[in-house]
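The structure under discussion appears below in the form of structure tokens.
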Amino acid sequence: MVEIKRIMCNPLQENCYVISDESKECVIIDCGVYYQDEKDALIAYIRDKQLTPTHLIATHGHLDHNFGNAFIYKEYGLKVEVCSEDEYLISDLGKQASSLFGMQLEEAQPEVGRWLKDGDTITFGHHELRVIQTPGHTPGSALLYCEAEKTAFTGDTLFRMSIGRTDFDGGSWQQMENSLRNVVGKLPKETIVLSGHGPQSTIADELTYNPYMRG
Ligand SMILES: [Zn+2]
Ligand SMILES: [Zn+2]
């Protein structure tokens with residue numbers, strides 16, 4: 001059994017997830033915490049559940065999924081793990097902040113802890129998350145798949161009834177189409193989809209109703 005907590009973060013309403021099991025180890029996925037109440041909510045959840053964070057993972061290098069990296073490093077000593085194709089994004093979060101959001105990042109950003117690639121596994125407690133690369137939204141986009149729990153954290157690749165944009169720097173509609181058709185769409189139908197924005201879904205529902213996944 002795993003427990004999954006979702007905290008909606010920052011002006012872009014990004015979903016940060018904490019997944020844990022009975023071992024009390026947990027993984028923090030897409031830590032977009034930005035406002036103080038979001039940071040407080042995350043810390044309180046981890047403290048109240050007596051969890052030990054063992055990994056910080058980003059589904060891709062966009063700032064709204066990485067606002068909290070410096071905070072997590074300060075609190076728990078964890079550095080973000082992300083696919084290397086998104087190095088151009090993650091290595092310059094300050095630039096994303098100023099060019100996309102017109103804001104200044106106050107803290108210095110810790111370096112990346114580990115470059116992920118397709119097929120890597122991240123272990124917490126008695127569970128495993130598999131890195132499955134799904135380029136398109138960004139070249140280094142990946143989903144994290146927990147096979148035992150039939151759950152996929154899809155980042156900004158797949159949303160409920162929608163998909164992520166491909167018109168940002170480094171995005172590719174061709175890659176997105178391929179990822180949706182040949183990777184995401186091939187997950188077991190009962191897989192629960194936990195997206196980077198918006199409510200949860202299932203692969204079965206998306207294959208039926210999502211105009212980008214149907215047929
Ligand atoms: Zn994104
Ligand atoms: Zn996003």
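Note that the structure is predicted; figures quoted are calculated from it, not measured. Numbering of ligands and ligand atoms starts at 1, following listing order.
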Of the non-hydrogen atoms in Asn210 and Phe159, which two are nearest, and what is the gap between them?
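Closest heavy-atom pair between Asn210 and Phe159: ND2-O, 3.6 Å.
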
Restricting to non-hydrogen atoms, name the atom on Ser162 and the atom on Glu206 that form the minimum distance, rounded to 0.1 Å.
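Reported closest heavy-atom pair: N-OE1, 4.3 Å.
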
State whether a side-chain donor-acceptor pair under 3.5 Å links Thr134 with Ser141.
no

Is there an N/O/S atom in His65 that lies less than 2.8 Å from the Zn ion (ligand 1)?
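No, His65 does not qualify, because none of its backbone or side-chain N, O or S atoms lies under 2.8 Å.
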
Quick one: the OD2 of Asp156, the Zn ion (ligand 1), ND1 of His62 angle, rounded to 10°, please.
170°

Which atom, counting only N, O or S, brings Asp64 closest to the Zn ion (ligand 2)?
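Asp64's closest N, O or S atom to the Zn ion (ligand 2) is named OD2.
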
From the N, O or S atoms in His60, identify the one nearest to the Zn ion (ligand 1).
NE2

Are Tyr76 and Phe71, when compared by the centres of their aromatic rings, separated by less than 6.0 Å?
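Here the rings of Phe71 and Tyr76 have centres that are no less than 6.0 Å from each other.
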
